[in-house]
Amino acid sequence: MVRDRNQPNSTHRVLVSGNYCHDVLIKDGVVLAETLGGAASFISNVFDGLSVPYNLVSKVGSDFAYSVPRDPIVVPNCKTTLFHAHFDSGVDGDGRQDRVLKRVSSCDPIKPSDLPESRFDFGMAVGVGGEVTVETMEKLLEICNTVFVDIQALIRAFDGVDGTVKHVALEESGFFHLLPRIGFLKASAEEALFMEVEEVRKLCCVVVTNGRRGCRVYWRDGEVEVGPFPTNQVDPTGAGDSFLGGFVAGLVNGLTVPDAALLGNLFGSLTVGQIGLPKFDFRLLQRAREEVQRRKMQCVNCCERKDDKFRFVNAAGHEQFHASLGVTKQTTKCLAHEPQLDLPSSPPKSTEQVVLCQYTTQPKSLTGSVYEEAIKTVDVESKP
């Protein structure tokens with residue numbers, strides 16, 4: 001498993017399984033940014049910000065270009081999973097930009113033997129490039145009390161010629177028989193089209209995110225809509241991953257499912273406002289932690305059945321919690337400005353790579369081993 005520099009050996013709270021990636025963001029054929037990617041990086045970013053204890057199993061190649069808080073397994077003679085995200089200039093009526101995602105290279109899958117033998121309260125299967133196999137999922141279900149799965153880990157398929165990401169129906173994915181053992185399945189509104197939500201909700205809890213409309217949670221006996229946090233969308237990459245990180249963080253901290261989904265919506269909205277992996281302002285994170293603890297204490301005396309592990313029904317004060325998180329977002333700003341995707345019109349003085357990443361090392365050159373197509377890069381005017 002991964003080597004964790006800071007994690008105490010006695011803590012086995014959350015286990016995250018999914019590979020780190022190199023992401024290259026391209027608009028109209030021009031490279032905008034090269035960033036650390038993969039659901040694991042966005043989820044780790046949220047967990048670290050909210051002080052959620054976790055372990056991570058992730059694989060990268062010897063070309064991995066970033067320093068991260070939890071070391072991945074480095075596979076010799078293998079390349080790190082690389083995605084090219086192609087955007088066009090159009091924005092649809094829902095504020096979404098059309099995106100074509102291509103897997104250029106892929107690292108080895110995560111094997112069952114890569115997972116620790118310890119038990120965990122929560123497990124997360126968040127593969128993005130086909131790295132989570134059925135066998136690995138079965139092992140994760142064995143060692144974790146509750147498993148959260150991003151549907152992209154199950155239904156993604158990749159074109160054999162150019163690596164374009166496609167989807168298969170959930171029933172045809174090879175994972176469908178495991179659904180009764182899964183706690184929560186998260187999907188975007190687009191991904192939800194590849195499953196029968198009404199059937200799947202009978203087997204496990206389903207969470208469907210829908211951009212600026214927030215999300216909806218389905219379980220066997222009911223459903224609830226959870227409101228959004230308005231934001232100026234710049235880059236949708238990783239929004240669902242950050243949502244899932246916030247959602248699980250909320251449940252780890254004892255929130256009800258609707259309240260945890262609110263926390264997920266908050267971090268999803270913060271992510272789309274920046275290019276690549278977002279930076280979260282320390283003050284925002286501190287206030288968010290305080291609001292979560294305050295909300296938890298409010299719900300301590302809520303009526304619940306003792307055999308219920310999660311509370312799905314809104315507790316009194318949900319709207320106030322929503323408003324408090326909204327104020328938290330409005331009164332604190334992310335460290336990085338929200339850069340627009342429009343290219344600079346003034347003549348450039350020098351070329352500067354556009355990278356917004358919380359982790360420390362800069363990636364290799366856009367024309368080096370990470371970026372593998374001859375596409376123009378962005379010229380950004382340097383500050384004096």
Side-chain angles (χ1 to χ4, degrees), residues 1-2 16-26 31 33-45 56-86 99-112 114-115 124-137 140 149-168 173 191 235-242 244-245 276-277 355 357-359 361-366 368-373 375:
M1 64 173 289
V2 292
V16 181
S17 179
N19 286 350
Y20 288 124
C21 302
H22 292 154
D23 282 354
V24 179
L25 310 179
I26 305 161
V31 174
E34 180 181 342
T35 80
L36 175 64
S41 66
F42 287 89
I43 290 169
S44 297
N45 196 28
L56 176 68
V57 177
S58 183
K59 286 186 173 180
V60 299
S62 55
D63 62 338
F64 187 55
Y66 297 89
S67 175
V68 290
R70 285 158 175 76
D71 296 333
I73 299 169
V74 178
V75 183
N77 304 316
C78 186
K79 290 186 176 181
T80 301
T81 300
L82 169 63
F83 282 97
H84 291 175
H86 296 263
R99 182 180 72 160
V100 176
L101 193 62
K102 296 183 178 182
R103 188 186 69 175
V104 179
S105 62
S106 61
C107 195
D108 286 355
I110 296 170
K111 300 176 183 178
D114 295 321
L115 301 180
M124 301 180 70
V126 291
V128 294
E131 67 267 30
V132 177
T133 66
V134 172
E135 293 75 19
T136 301
M137 182 73 75
L140 196 65
V149 179
D150 194 322
I151 198 173
Q152 65 186 352
L154 313 184
I155 66 171
R156 277 189 174 181
F158 307 93
D159 185 88
V161 177
D162 64 1
T164 299
V165 176
K166 302 179 180 180
H167 297 98
V168 299
S173 67
E191 292 166 335
D235 174 18
T237 305
D241 306 322
S242 292
L244 189 56
L277 194 69
V355 177
C357 176
Q358 187 166 356
Y359 300 119
T361 55
Q362 298 291 330
K364 299 174 183 178
S365 169
L366 290 174
S369 61
V370 172
Y371 192 72
E372 298 182 349
E373 286 183 11
I375 294 183

- Run the side-chain contact (heavy atoms from CB on, under 4.5 Å) check on R70 and V16 step by step: do they pass? CA-CA 11 Å; R70 285 158 175 76; V16 181; over 6 Å; no

- Which pair of non-hydrogen atoms, one from P109 and one from G130, has the smallest distance, and what is that distance? CB-O, 4.5 Å

- Evaluate the side-chain proximity of L115 to T136: yes if any heavy-atom separation is below 4.5 Å, no if none is. yes

- Query: Rounded to the nearest 0.5 Å, how far does CG of D114 lie from OG of S17?
  - Reply: 8.5 Å

- Message: Set out, in order, the CA-CA distance, both residues' side-chain angles and the distance that settles side-chain contact (heavy atoms from CB on, under 4.5 Å) for T164 and F158, then state yes or no.
- Response: CA-CA 6 Å; T164 299; F158 307 93; over 6 Å; no

- Where is the tightest heavy-atom contact between S58 and Y20, given as atom of each residue plus distance? OG-N, 2.7 Å

- Message: Just verifying a value: how many Å separate C107 SG and I73 CD1, rounded to the nearest 0.5 Å?
- Response: 9.5 Å

- Item | H22 vs V24, side-chain contact (heavy atoms from CB on, under 4.5 Å): CA-CA, chis, key distance, verdict | CA-CA 7 Å; H22 292 154; V24 179; 5.8 Å; no

- Can you check whether F64 reaches V75 side chain to side chain, under 4.5 Å on heavy atoms? no

- Listed partners of E131 passing side chain to side chain contact (heavy atoms under 4.5 Å, CB included), at least two apart: N19, I110, V128

- From CD (Q152) to CD (E191), nearest 0.5 Å: 5.5 Å

- Of all heavy-atom pairs between V74 and S62, which one has the smallest distance, and what is that distance? CG1-CA, 4.0 Å

- Query: Are the side chains of Y66 and V60 in touch, meaning some heavy atoms are under 4.5 Å apart?
  - Reply: no

- Backbone N or O of P72 within a donor-acceptor pair of the K59 side chain at under 3.5 Å? no

- Message: So does A153 get a backbone contact from the side chain of D150, meaning a donor-acceptor N/O pair under 3.5 Å?
- Response: no

- Task: Using modelled atom types only, decide if a donor and an acceptor are shared between the side chain of D63 and the backbone of T80 within a distance under 3.5 Å.
- Result: yes

- Can you see which heavy atom on V168 is nearest to which on A157, and at what distance? CG1-CB, 4.1 Å

- Query: How far does OG of S44 sit from CG of D241, to the nearest 0.5 angstrom?
  - Reply: 10.5 Å

- Note on the structure: In terms of heavy-atom contacts, G276 and F42 come closest through O-CE2, 3.7 Å

- Note on the structure: So OG1 of T81 and CZ of R103: to nearest 0.5 Å the spacing works out to 7.5 Å

- Query: Is D23 reaching over with its side chain to a backbone N or O of T35, donor-acceptor style, under 3.5 angstrom?
  - Reply: no

- For side-chain contact (heavy atoms from CB on, under 4.5 Å), just list the numbers for R156 and H167, CA-CA rounded to whole Å, side-chain angles, deciding distance to a tenth of an Å, and then say yes or no. CA-CA 5 Å; R156 277 189 174 181; H167 297 98; 4.2 Å; yes

- So how far is it from L244 CG to I43 CD1, rounded to the nearest 0.5 Å? 4.5 Å

- Beyond-backbone contact of R99 with T237, side-chain heavy atoms, under 4.5 angstrom: yes

